[in-house]
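Just so you know, residue 1 is the first one in the sequence shown, and it goes up from there.
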Amino acid sequence: MGKEVNLTKLLKQYFGFDTFKGDQEAIIRNVLDGKDTFVLMPTGGGKSLCYQLPSLIMEGTAIVISPLIALMKNQVDVINGMSEENGVAHYLNSSLNKAAIDQVRSDIVAGKTKLLYVAPESLTKEENVDFLKTVKISFYAVDEAHCISEWGHDFRPEYRRIRPIINEIGKAPVIALTATATDKVRTDIMKNLAIVGAAEFKSSFNRPNLYYEVRQKTKDIDKQIIKFIMQNPGKSGIIYCLSRKKVEELAAVLRANDIKAAPYHAGLDSVTRSQTQDDFLMERIDVIVATIAFGMGIDKPDVRFVIHYDIPKSLEGYYQETGRAGRDGGEGKCITFYAYKDLQKLEKFMEGKPVAEQDIGRQLLQETAAYAESSVCRRKMLLHYFGEEYDKENCGNCDNCRHPKTKIEAQHALEIVLAAIMAIKENFRADYVIDFVTGRETNEILAHKHNLLEEFGSGEDEDGKLWNPVIRQALIAGYLKKDVENYGLLKLTAAGKKFIKNPESFMIVEDAEFNEDDYDSSSEGVGSALDLPLHAMLKDLRKKVARKQQVPPYVVFQDASLEQMATVYPVTLEELQNIQGVGAGKARRYGKEFVELIKKHCEENEIERPEDLRVRTVAKKSMLKVKIIQNIDRQIALDDIANAEGKEFEELLDEVEAIVYSGTKLNIDYFLDEVMDEDHIDDIYDYFMESDTDDLDVAMEELGDDYTEDEVRLVRIKFLSEMAN
């Protein structure tokens, strides 16, 4: 059938495009000829057209199996938008009510519907299977087909049931489509869908416009990210984190630094999620901080950067996520922060899983680690992982190619590795091979009696750091390959066997060094030394300002704030707001003279300020603070607020004091008038007006036994709020 159809004309008629991209036309002809088809096409290559166009041409209804409910709706709207009548495309999933399902069925029976999108869960429902048995099906399209394989980055067990269900509903050609798959995943998909003889169409995975970089994850990672975003103002970007908690925290830090950012993860309700997605598309926000739940089916062509805060669990996930940058062919920067500690954390997460799953997870993590640690061209490594050769010596668009390392000769080391793999019968993985050549008597090696082989320990005189890069680069050079069926076992290729007979020069680059001590997820940066002369001058200035304003000095700035000023030297009002206890109001009210004094001091003494970039941090308890402020604005009694938050009254006062000290005005008169005697309030207020210190113990001693500690604290809050803010 495929021969006589004028596809280009139909492409123009339905989709408005003049020409096909890449293999699209060949794929569509294969489907029209009723043949099974396997399509491997990186994101943005035009996968959906490969099943949408033939479905409109062929007799019957095409069934598209897809795991992404949000995406289905989107695609159905697009197809229906192209046709004069509704109902050409439909979807069946858990979000539909009975009436909607009946409508879908009657359109299919009437022969209106050419494309039916189904979630795998809905496909397995008995009533749907019974209904579909009565329908003429043109073909089945399995989208996101990597979900079939445990080796894919998004394994979904229900995908394994697709073939049995297809057999039950009725045979028709199958087209499987995926944007990322290694050879291992590819064979898995074709076996599982029983389309082993299918025609395969593979597009190149190379995205020349994407710049890949891996950075050491250090304590100042937030600062680095903020600096990067500020150097790319107004550009759209996505930052991926592994945990929801980190997503929320980082989004808050970015917002505190005037970056238009929003969090996105599966724990947020769907209204918030779609609002955030819209805001990103409409450019009301620039940066999305997300778990991997984000980006599925977001078709924003001008995402200019993708940052991985944490190393991804697999290279496929990494490729998929970085692939959301620069879809329009323009600039796309992909920056990943790597710390070995994060890998260990990910390994810990796997501990509860079945052994087979843990094993797969570890293998995938090792591939990611190899990618991060290697000094080889990143493009070459990625493409090799997806079974594609990249023959350029230097891609010019990754960190390793822009700053190449010196190559060293590793001919002898490769000879040792190849001989060792032969000696242990090509039956083990890289870590075992390394243990074997370095002569480590592990339990596993002793169990196999490999310590008795003459090759055991043949590499113990070489530098231990050499083995990983030798094996990784021998794989890329084609001397070794990983077994597809039993993934990870190292096998010699024909070139490898030839090398043993006739060794030749083998130049490699050593792996990058990642220092363990530079990053500790729990530690926070600590301030450096206090500038004593400046501190004394700031105290004098504070006294002067306080006299002029007729308030005690601590009302102007607290001691802790002055100490910090004399440590980090803020010279603008913006920088001053990064000082503990200095809010925007306080900075405007008192700040000018202080920053001028600091600036002059720095110039006169030629002080190098720790300039770099002052990152505003977000107090971890910010949510609670917002709640307290809102409740006080609504004039809710303080003891009721404490009960609602499950806090002691004293603990609540701690929180309220912190809010007031940092410069936020709170009016608690409504509560004081209810619980305190008016004269008491005035007496305590006058005391603080005259006192040199806001210290509570001193106040209790001076004021005597007539007042409780809570009363003194409450009036101190009122006093500071009115006088200081």
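Using a cutoff of 4.0 Å between basic side-chain nitrogens and carboxylate oxygens, Lys300 and Glu283 are scored as salt-bridged. The pair Arg716-Glu657 meets the salt-bridge criterion, with a side-chain N (NZ, NE, NH1 or NH2) lying under 4.0 Å from an Asp/Glu carboxylate O. Salt-bridge annotation for Glu711 and Arg713: absent, with no side-chain N of the basic residue lying under 4.0 Å from a carboxylate O of the acidic one. Under the 4.0 Å criterion applied to side-chain N and carboxylate O atoms, Lys600 and Glu603 are not assigned as salt-bridge partners. Under 4.0 Å is where a charged nitrogen must lie from a carboxylate oxygen, and between Arg304 and Asp302 no such pair does. Using a cut-off of 4.0 Å between Lys/Arg side-chain N and Asp/Glu carboxylate O, Lys544 and Asp540 are scored as not salt-bridged. For Lys246 and Asp310, the salt-bridge test fails: no basic side-chain N is under 4.0 Å from an acidic carboxylate O. Taking a cutoff of 4.0 Å between a charged side-chain nitrogen and a carboxylate oxygen, Lys592 and Glu596 qualify as a salt bridge. Look at Arg402 and Asp399 and you find no salt bridge, because none of the NZ, NE, NH1 or NH2 atoms lies under 4.0 Å from a carboxylate O.
Pairing each heavy atom of Ser375 with each of Ala512, the nearest pair is OG-N, 3.3 Å. Annotation for Ile221 and Phe337: closest pair CD1-CG, 3.6 Å, computed over non-hydrogen atoms. Annotation for Gly332 and Ala325: closest pair CA-CB, 4.1 Å, computed over non-hydrogen atoms. The two residues Val289 and Cys241 have their closest heavy-atom pair at CG1-SG, 3.9 Å. Heavy-atom minimum distance, Lys647 versus Leu624: CE-CD2, 3.4 Å. Between Phe649 and Asp710, the shortest heavy-atom distance links the atoms CD2-OD2, 3.7 Å.
With hydrogens and angles disregarded, a donor-acceptor distance shorter than 3.5 Å links the side chain of Asp269 to the backbone of Thr272. Put simply, the side chain of Tyr670 gets close to the backbone of Ile636: a donor and an acceptor are under 3.5 Å apart. Side chain of Glu357 to main chain of Lys353: no donor-acceptor pair is present (N/O by atom type, distance under 3.5 Å, no hydrogens or angles). Side chain of Asn667 to main chain of Asp669: a donor-acceptor pair is present (N/O by atom type, distance under 3.5 Å, no hydrogens or angles). In this structure, Glu213 contributes its side chain and Ile335 its backbone to no donor-acceptor pair below 3.5 Å.
The distance from atom CZ of Phe688 to atom OG1 of Thr693, rounded to the nearest 0.5 Å, is 8.5 Å. Here the CD1-CG distance, from Ile229 to Asn257, works out to 9.5 Å after rounding to the nearest 0.5 Å. Between His601 atom NE2 and Ile607 atom CD1 the span is 3.5 Å, to the nearest 0.5 Å. Atom-to-atom distance recorded for Cys334:SG and Ile238:CD1 is 10.0 Å, nearest 0.5 angstrom.
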* Applying salt bridge (Lys or Arg N to Asp or Glu O under 4.0 Å), run through Arg542 and Asp559 and close with a yes or a no. => CA-CA 10 Å; Arg542 178 175 70 168; Asp559 286 352; 2.9 Å; yes
* To do: Take Tyr338 and Glu373, measure what side chain to side chain donor-acceptor pair (under 3.5 Å) needs, and give me the verdict at the end.
  => CA-CA 9 Å; Tyr338 174 68; Glu373 291 167 8; 2.5 Å; yes
* Passes side chain to side chain donor-acceptor pair (under 3.5 Å), Glu321 versus His308? Steps please. -> CA-CA 9 Å; Glu321 287 152 29; His308 280 91; 2.7 Å; yes
* To do: I would like to know whether Gln564 and Val582 meet side chain to side chain contact (heavy atoms under 4.5 Å, CB included); could you show each step before the answer?
  => CA-CA 11 Å; Gln564 214 182 340; Val582 182; over 6 Å; no
* To do: Go through the steps to decide whether Glu655 and Lys625 satisfy the test salt bridge (Lys or Arg N to Asp or Glu O under 4.0 Å), and finish with yes or no.
  => CA-CA 7 Å; Glu655 296 289 346; Lys625 289 199 169 121; 5.1 Å; no
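Under a cutoff of 6.0 Å and an axis angle of 45°, Lys235 and Phe305 do not form a cation-pi pair.
Considering only heavy atoms from C-beta on, Asp694 comes within 4.5 Å of Tyr661 through its side chain. Proximity of Val656 to Leu666: side-chain heavy atoms (C-beta onward) are separated by under 4.5 Å at one or more points. Side-chain contact between Met565 and Leu576: present, with at least one pair of heavy atoms (C-beta onward) separated by less than 4.5 Å. Ile632 is not listed as a side-chain neighbour of Phe671, based on a closest heavy-atom distance of 4.5 Å or more. By the 4.5 Å heavy-atom criterion applied to side chains, Tyr309 and Leu250 are counted as neighbours. Considering only heavy atoms from C-beta on, Asp278 comes within 4.5 Å of Arg284 through its side chain. Two residues are said to be in side-chain contact when any heavy atoms from C-beta on lie closer than 4.5 Å; Leu652 and Glu645 fail this criterion. Residues Leu541 and Glu593 meet the side-chain proximity criterion, which asks for heavy atoms closer than 4.5 Å.
Counting only N and O atoms by type, the side chains of Arg362 and Gln358 include a donor and acceptor under 3.5 Å apart. Using a 3.5 Å distance cut-off with no hydrogens or angles, the side chains of Tyr371 and Tyr318 do pair a donor with an acceptor.
Around atom CZ of Arg588, no more than 12 heavy atoms belonging to other residues, nucleotides or ligands sit under 6.0 Å away. Other residues, nucleotides and ligands contribute more than 12 heavy atoms inside 6.0 Å of the NZ atom of Lys718.
Classification of the Phe594-Phe557 ring pair by plane angle, with boundaries at 30° and 60°, yields perpendicular.
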